[in-house]
Amino acid sequence: MLSNQAAAPGKRTSLHGHWSSRMAFILAVTGSAVGLGNIWKFPYVAGQNGGGAFVLVYLACVAIIGMPVMMSEILIGRRGRRNPIATMALLGAEEGKSANWKFIGAMGVLAGILILSYYSVIGGWTLSYVFKSAVGVFADATADKVTAVRDGFVASWSTVALFHTVFMGLNIFVVARGVERGLEQAVRFLVPALLLLMLLLLGYSISTGYFDEGLAFMFKPDFSKLDWDSVLAAMGQAFFTLSIGMGAVMAYGAYLPEETSIMGSATAVAIADTTIAILAGLVIFPLVFANNLDPGEGPGLEFITLPLAFGQMPGGTFFATVFFMLLSFAAWTSAISLMEPAVAWVVEKFHRTRAQAAVMIGLMIWALGLGTVLSFNVLADFRFLRGTIFDNLDHLTINIMLPLGGVLITVFAGWVMCRNSTADELGGSGPLYKLWRLLARFAAPIGILFVFLKAVGLLPDLS
Ligand code: PHE
């Protein structure tokens, strides 16, 4: 998918090649955005944070903060055409400011490594459900049975570790070969197929008779359930699900052809991503209420509700197998992008081959992932700060590192880069450009900082 076509004269080209078309780029970023964040994470954090009001804040964050951050990341990436660390250093110096902006790139590389360490464990868990579904474990299963299967899986650290290893191995394999081969084809088929299966599940969840409850839970805002911590979680979720704030989109932007519209691409990705998350919620919550489950169940929510639904429908064994396969694929196209900034950095900085870089970084991430593997069993009672090792990694990366990266990236694009540079990348200085600039300079950074400071209690309550 990356071709080595020359860019316009006078413009930089990427060492790693370029996407063959606008569609290839949109598919790659959609592949990165659509993943466990939409189907595993969104419903369970929405559930833990009381539903409706959380969902509204999340949607507002996607529009007001997510869009300008994503556009900033793509434009920075395309202008620098290096790995995120080198790009930030290069552009910082080029704009006559400091090359120390590279530390934002470095924080992103680190965030990608930390996120993938647990993402891979959940990815492995998803993979294991492909096999469980295929052998018919969930056929006609009751809620108790499905819960027992889930508990049994997470209780065995060696099984969790095994699937984490397989998942990580697959990532290393693909990243080593170069993300271009296969990814485009995979995503082209994956996103529509996932959407179709989600619609099938939606049909089932409507038929449970609890669809209204699910709908009300998701869209009837009860602001009394919302505290600043939930607002921060909604904002963090917007970052996580759009893959922004850590340089993944920046790294992909580095391979974007000059003529492609950044605004158009970012809009397409955000719409696809949000649609899948909302659909996941509409599927999962009616099932929660139909089966008397707890919406605040936590990270295992998806692994209980969906097998239960599949177990009851005709052809369920087949559909469940296909569904968990698609979800594993979706997780995999996201995982690749979590590794890309680190791998591109090692390749460029230390002159390693992609294969060497992928193995090095991959092994490190695998080892870190063992902390999350044990968080669900052996070390489940080892709690500090926010909870288990997994809970802390999750909070640190999603609620702190990504928003912080987002503030710094928009400040860089809005304040450090001059108007000419950003207008050049965003296709002129028309009204949409002005809107982006307003959001990138003011709304996004101020909004993120405000929520952040409120959540850690550093801003006083005026009410
Ligand atoms: N957006 C991905 C998901 O929703 C996760 C991700 C986060 C990927 C950050 C890349 C960077 O599953």
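Side chains are part of it too, since the values below use all heavy atoms of this structure and drop only hydrogens, waters and symmetry mates. As the structure lists them, so they are numbered: ligands from 1, and atoms in each ligand from 1.
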Ring-ring centroid check Trp228 Phe452, cutoff 6.0 Å: no
Taking the ring of Phe390 and the ring of Phe376, is the distance between their centroids below 6.0 Å? yes
Pair Phe42 and Tyr58, ring centroids less than 6.0 Å apart: yes
So, do Tyr129 and Phe138 have ring centers that fall under 6.0 Å from each other? yes
Taking the ring of Trp332 and the ring of Phe173, is the distance between their centroids below 6.0 Å? no
Please tabulate, one line per pair, the protein nitrogen or oxygen atoms found under 3.5 angstrom from a nitrogen or oxygen of ligand 1, with distances to 0.1 Å, or say none if there are no such pairs.
unit_1	atom_1	unit_2	atom_2	d
ligand 1	1 (N)	Ser32	O	3.2
ligand 1	1 (N)	Ala33	O	3.1
ligand 1	1 (N)	Phe240	O	2.8
ligand 1	1 (N)	Thr241	O	3.2
ligand 1	1 (N)	Ser243	OG	3.0
ligand 1	4 (O)	Ala33	O	2.9
ligand 1	4 (O)	Gly37	N	3.2
ligand 1	4 (O)	Asn38	OD1	3.4
ligand 1	12 (O)	Leu36	N	3.1
ligand 1	12 (O)	Gly37	N	2.8
ligand 1	12 (O)	Tyr119	OH	2.4

May I ask you to check whether Phe217 and Phe285 place their ring centres under 6.0 Å from each other? yes
